[in-house]
Enquirer: 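What follows is a single structure, and I will ask about it in a moment.
Excluded from the calculations below are hydrogen atoms, water molecules and symmetry mates; all remaining heavy atoms, backbone and side chain alike, are included. What you see is a predicted model, and the numbers here were worked out from it, not measured in a lab.
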Amino acid sequence: MIYTSGTTGTPKGVMLSHRNLVSNFTTHAHNFAFGPAQHAISFLPLCHIFERAVNYNFQYKGIGIYYVETLAQIMTAIKEVRRIFFPECLVCWRGSITVS
């Protein structure tokens, strides 16, 4: 059972089986040409379903995962970690990015 935060409405729970999660990340793994030469930077908690799904994908593909605790640490991590893959849900950035 996973729960949504209610970002788009009322919080809700949904049942996802292990088979469903494995099917999702193995299918997505074939859509991207990433592998052990790349690294991922992650900041969402693993209880977030998007983060959990991409984390499984990274592990499946042998991609190194670097965790940061806050958005403030991301720029430092980007400078330190080379060949990065940085998938995050856009709602996390709301109000954090200014486009001029």
Enquirer: If I compare all heavy atoms of Ile63 with all of Gly35, which pair ends up nearest, and what's the gap?
Expert: CG1-O, 3.4 Å
Enquirer: Should Phe43 and Glu69 count as side-chain neighbours, where that means a heavy-atom distance under 4.5 Å?
Expert: no
Enquirer: So how far is it from Asn20 CG to Asn24 CG, rounded to the nearest 0.5 Å?
Expert: 5.0 Å
Enquirer: Would a 4.5 Å heavy-atom cut-off, applied to side chains only, mark Leu21 and His18 as touching?
Expert: no
Enquirer: Would you call Leu46 and Tyr67 a side-chain contact if the rule is heavy atoms closer than 4.5 Å?
Expert: yes
Enquirer: Taking C-beta and beyond as the side chain, do Thr26 and Tyr60 meet within less than 4.5 Å on heavy atoms?
Expert: yes
Enquirer: So does Ala77 get a backbone contact from the side chain of Glu80, meaning a donor-acceptor N/O pair under 3.5 Å?
Expert: no
Enquirer: Is a donor on one side and an acceptor on the other found under 3.5 Å between the side chain of Asn55 and the backbone of Glu51?
Expert: no
Enquirer: State the CD1-CD distance between Ile41 and Gln73, to the nearest 0.5 angstrom.
Expert: 11.0 Å
Enquirer: With a 3.5 Å distance limit and no angle check, can you tell me whether Ser23 reaches the backbone of Arg19 through a side-chain donor-acceptor pair?
Expert: no
Enquirer: Report yes if some heavy atom in the side chain of Gln59 is under 4.5 Å from a heavy atom in the side chain of Ile65; otherwise report no.
Expert: yes
Enquirer: Describe, in one word, how the ring planes of Phe25 and Tyr56 are oriented to each other, choosing from parallel (under 30°), tilted (30 to 60°) and perpendicular (over 60°).
Expert: tilted
